[in-house]
Each structure stands twice: as structure tokens, then as C-alpha cells.
Amino acid sequence: MTSDSNRIQSIRGFADILPSATPVWRQVETTLQATLAAYGYDEIRLPALEHTELFARSIGEVTDIVEKEMYSFEDRNGDSLSLRPEGTAGCVRAGIQHGLLHSKEQRLWYAGPMFRHERPQKGRYRQFHQIGAEVFGLQGPDIDAEMILMTGRMLRALGLGDVRLEINSLGSAEARRAYREELVSHFRAHWEALDADAQRRLETNPMRVLDSKNPQLQAVIESAPSLMDRLDEASRAHFEGLTRILDAAGQPYTVNPRLVRGLDYYGRTVFEWVSDALGAQGTVCAGGRYDRLVEQIGGNDTPAIGFATGIERLVSLVTERFGVPEVAGPDAYLVVGDEAAMGVAHRLSERVRDQSPGARIRVHSGGGSFKSQFKRADRCGARYAVVLGESERASGQYTVKDLRGDEPQRSLDENELIEFLSAGQH
RNA sequence: GUGGGCGUAGCUCAGCUGGUAGAGCUCCGGAUUGUGGCUCCGGUGGUCGUGGGUUCAAGUCCCAUCGCUCACCCCA
């Protein structure tokens, strides 16, 4: 036994996804991708590594993500590169670089690992996986509403229809700036009523003060001005347009005026789907509009909206609710008597795979008694055990035993056996 | 970065006021010379996370350190 001290372990926050979990992952991923396809989105695949500058310029220099959570390092030529902490920046970069956004709309989705150097906890990892989508070139609230309805459909398709939808509008950059100043002076006037945490937030991200969970601050927060009341006219009309469509579509929501994004590029519509079953990390899907970003990183003025979901969180919810599906074993397990039988076993199984690519045949390896081979056939969940021993080779009649049901043991010649195993479900 | 909880067999865990490391499951073998599951019997598997200290004696007490985990911050 190797001692723990010289055994290499995975990096903190980088999880292995073991065979017992991959079926749920696959189910979540295929369900989400099918829904995206149903709304006419096209897949785009993007690098995990980008120039650090891209994230600094899009996410915001002073955000936590850029300041202390990125995996950044110098390339051999001295460039600063970073593992992507989110997917939007790279998608926008690719859209500009390849001319995808040139006066036409795009509905794109992507999937893959993201990296943030945070302290891991339930539902939060340093390498985590997202599926997200970005729509470019559409400025009206109709696409906002469609994206919200689509993400709602995704969650329902996973059996997670009981999450709640929260929406808000962050208004225009100008309105937000004016509001932020107003907010800062409000809280400065009540400085001594704030706790240390809120005082710190007032310096870094004033709108976050509204998020404080401290009940003693509720009075000061209640009396604070609301961004909703100070939206610019266009943003107000946009938001009202959004709620009209959601109402007409029968999609329930709550307006949460304290719903703020941690990334600088958001404006106007923001939304979140929240579950109460995940502890502190309740957001399973979040998105919003970012009309200024494309221009900000060098493209033409292009309206855009996007969302991302955390696969780990969805997998966790689905697993808690429905358990893990039993892994289906092979259709047949070939028990081999000796070396000569091994040749027969592979000749037979290859012919079955030729004829029926969906057939799942496991040929025993590693020797051992018939007893132990049968035991393994049973343990791996095989439906049938096929015995290839001396007497079978002599007679040309192979024994097939049903391991899961009451079918009587049968004797088949080679062609019959191949037909039998190729038939799939018996 | 900060705080709480936890580190004993592959897994889940027991181990009392310090006194020779245990159980269940798994795995391997046997009962059944070529037939799994159920049962019974036997076996493999541990520097008790790591390093130091106290003691005649440490899984147990003390200190440090590493790891896991939950929470804060922040976020998917």
C-alpha cells in the first residue's frame, strides 16, 4: 500500500467525475443540448485559454473574478494567459474575430469547463462546467423573454420545474452610474449603521450592500433608493416589454430589485433561476443582457444577451431528486474455458459486433474458474452468460444462461448464437 | 483570504477515564472437480492523514502541518 504522503492527488477543487456519475452528467448535457437545438441555437466550441486581457476588459478589472480568481500565467513568450473563468468573453471574441456578428443575428451555445480559483464548497468548484448560450444582434425584450422561457424549459425537462425565476433590470450604464452615486451617498449618511461587511462593499461594489443578509441593516436598505424607480426611459420600456411577454406566456416570476451581477458587462435585463435545495449556492442558471460588451472589446455596436448554467449544480439536484440510474450491464458475458475457447469467443463476439453495432458483449479476461467467471458475469450486470468450454467446442453447441430471468438454459450452434446475441433486446 | 466540522482497511464506520487495531460491505478462495445470485466457512487488505511533544505506554492527550467538507466573501 502506497502511503498517502507520496501519492499524487487531484488539485483542490478539480473533481473527478466517476463512472457512477457520468450517466447523470450525460443525461443532463443531452437534455440541455436538445432544448437548445429545439430553439434553433447552433453550437460553437471555444478554447479554454485566452489572453488575460480579454477577461480583464470584458468582466471588469475590479471584479473579484479578475482580481483574485483567475488562473493566470505567463506563456513562454511572455504573454499573460488565463484559463477562462466564464464563457461569454471568449464567445464574443470569437464572434468578432470570425465576422459572425457582422449585421446579422446569431444564436450560439457552448459547453465546457470553466476555472475560478475560489475556495470550494457545495456546488462550487475550481474547475466547473457550464452550458451557456449567447444571442447577438437582437435588441428587443422578445429575445430576453424567449431565453428565459427556454431556460425554464430546460429545467423542467430535467424534472427541476420547482425552481423560481427572479428578474431585474440594471438599466443603462448612465442610469446605473447615477444610481450608484445616489446609493453611496445614502449609505454614507448612515455609515455607522452599516456593519463592516457592508462598509467594505460600499467601497467595492455599492449595489451589493443591498444584498446584505444582516437583519439589522434591513431598515437602512429598505429606505435606500431603488434602481427600478430610476431606470432610464428606454430601459423601463424594455423591462415592461419583457414582463408583458412573460405574463402573456404564463411564466411566473418575481422582480428582485436587489438582483445584481458580479460582472461589469451586464445592463438592462438580468435573470436567475434559483433552487432552495443547494445550500448556499442556489443559483442554477443565470443570465442577462450585455449590449455594450461587443463594442467594448473591439466589435461593432451589437446588442447581446446570454445565460449560463452550472452543470455540477444541475447534476446535484437531479441526483438528489431521482437518484442515480443503474448502469446497464452488457447484453452477454462470454465465459471461456481455456485458451482455445478464447479464440472462439473473440471470433464470435467480433461477428456479433459486425452484425449489430449496438450489441454489448463482454469477453472474460484474466482466467479463473467457471465459478469465478460466472460471478463476474453476474456482478457486471450482464443479461446472459455464454459458456465456451471444451464440451461446447467439441459439440459446436454453446450454452446460454439467463442471469436475470427465468428463461431455461439453451444450447445454440455458432450461427444461432450470433443471431441470438445480435437481436439486442431479448 | 477567514471561520466551524471531520481525517482509523477499497467503501461506511466503531474503538469508553491512554494498555497488543475491530465490525459490516467489497474483493479472493472453499463448501459445489464446468454454472452467478442466497447461506455457511476461511483468507487478503492498516506505518490509525503527516511531523513533533507528553508518557513506562498514544488511534486516544497537547502542538504544528496537510487534506476533505460546510459556511463567509464571491459566484454557475
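Quick note on labels: first sequence line is chain A, next is B, and so on, each numbered from 1. Small disclaimer: the values here were computed from a predicted structure and weren't measured.
A donor-acceptor pair shorter than 3.5 Å can be found between the side chains of A:Tyr290 and A:Glu134. Between the side chains of A:Arg292 and A:Gln296, no donor-acceptor pair is found at a separation under 3.5 Å. Side chain to side chain, A:Trp273 and A:Thr151 meet the donor-acceptor criterion of an N or O pair below 3.5 Å.
A salt bridge links A:Asp162 with A:Arg321; the closest basic N to acidic carboxylate O contact falls under 4.0 Å. A:Arg84 has no carboxylate O lying under 4.0 Å from a charged side-chain N of A:Glu86, or vice versa, which leaves the two without a salt bridge. Under the 4.0 Å criterion applied to side-chain N and carboxylate O atoms, A:Arg126 and A:Glu69 are not assigned as salt-bridge partners. Salt bridge absent: A:Arg383 and A:Asp331 never bring a charged side-chain N and a carboxylate O closer than 4.0 Å. Ionic pairing of A:Arg188 and A:Glu203 is present here: one or more N-O contacts between side-chain nitrogen and carboxylate oxygen are shorter than 4.0 angstrom. Ion pairing between a basic and an acidic side chain is recognised when a charged N comes within 4.0 Å of a carboxylate O; A:Glu350 and A:Arg347 show no such pairing. We find that A:Glu182 and A:Arg177 are not joined by a salt bridge, their nearest charged nitrogen and carboxylate oxygen being 4.0 Å or further apart. We find that A:Arg107 and A:Glu146 are joined by a salt bridge, their nearest charged nitrogen and carboxylate oxygen being less than 4.0 Å apart.
When rounded to the nearest whole Å, the span between CZ of A:Arg208 and C1' of B:C72 equals 13 Å. If you measure from atom CD of A:Glu166 to atom P of B:A76, you get 14 Å, rounded to the nearest angstrom. In this structure, CD of A:Glu69 is placed 10 Å from P of B:C74, rounded to the nearest angstrom. Look at CG on A:Asp16: it is 12 Å from P on B:C68, rounded to the nearest Å. In this entry the distance linking CD of A:Glu118 with C1' of B:A76 reads 9 Å, nearest Å. Here B:A76 presents its C1' atom at 9 Å from CD of A:Glu312, a figure rounded to the nearest Å. Atom P of nucleotide B:C74 and atom OH of A:Tyr266 are separated by 17 Å, given to the nearest angstrom. Atom CG in A:Leu160 sits roughly 18 Å away from atom P in B:A76 (whole-Å rounding).
A:Tyr71 is linked by a ring-ring contact (aromatic ring centres under 6.0 Å, His included) to A:Phe14, A:His117, counting only residues two or more places apart in sequence or in another chain. Every residue two or more places apart in sequence or in another chain that forms a side-chain hydrogen bond (donor to acceptor under 3.5 Å, both in side chains) with A:Thr52 is listed here: A:Ser80, A:Ser82.
Taking atom P in both B:C61 and B:G67, one finds a spacing of 23 Å when rounded to whole Å. B:G5 and B:C75: their C1' atoms are spaced 24 Å apart (whole Å). Taking atom P in both B:U12 and B:C68, the straight-line distance is 15 Å, to the nearest Å. For the C1' atoms, the distance from B:G7 to B:C73 is 26 Å, rounded to whole Å. B:G4 and B:U60 are spaced 22 Å apart, taking the C1' atom of each and rounding to whole Å. When the C1' atom is compared between B:A58 and B:U20, the two are found 13 Å apart, to the nearest whole Å. Comparing the same atom, P, in B:G10 and in B:U47 gives a spacing of 7 Å after rounding to whole Å. Using atom C1' as the reference point in both B:A23 and B:C62, the two lie 30 Å apart (nearest Å).
For RNA chain B, no neighbouring residue in residues 31-45 of chain A is found when judged by any heavy atom under 4.0 Å.
Stem analysis of RNA chain B (Watson-Crick or G-U pairs, both distances under 3.5 Å, runs of at least three) returns B:1-7 with B:66-72, B:10-13 with B:22-25, B:27-31 with B:39-43, B:49-53 with B:61-65.
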Whether each nucleotide of nucleotides 26-37 of chain B has a protein heavy atom under 4.0 Å at its base (B), only at its sugar-phosphate (S) or at neither (-) is summarised, 5' to 3', as -SSS----BBBS
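Two residues are said to be in side-chain contact when any heavy atoms from C-beta on lie closer than 4.5 Å; A:Ile131 and A:Gln33 meet this criterion.
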Give me the distances for all protein-to-nucleotides 69-71 of chain B N/O pairs that come in under 3.5 Å?
unit_1	atom_1	unit_2	atom_2	d
B:C70	OP2	A:Lys122	N	3.1
B:A71	OP1	A:Ala280	N	3.2
B:A71	OP2	A:Gln121	NE2	3.4
B:A71	OP2	A:Lys122	N	3.4

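Partner of A:Asp144 under the side chain to side chain donor-acceptor pair (under 3.5 Å) criterion, out of A:Arg268, A:Gln139, A:His238: A:His238 alone.
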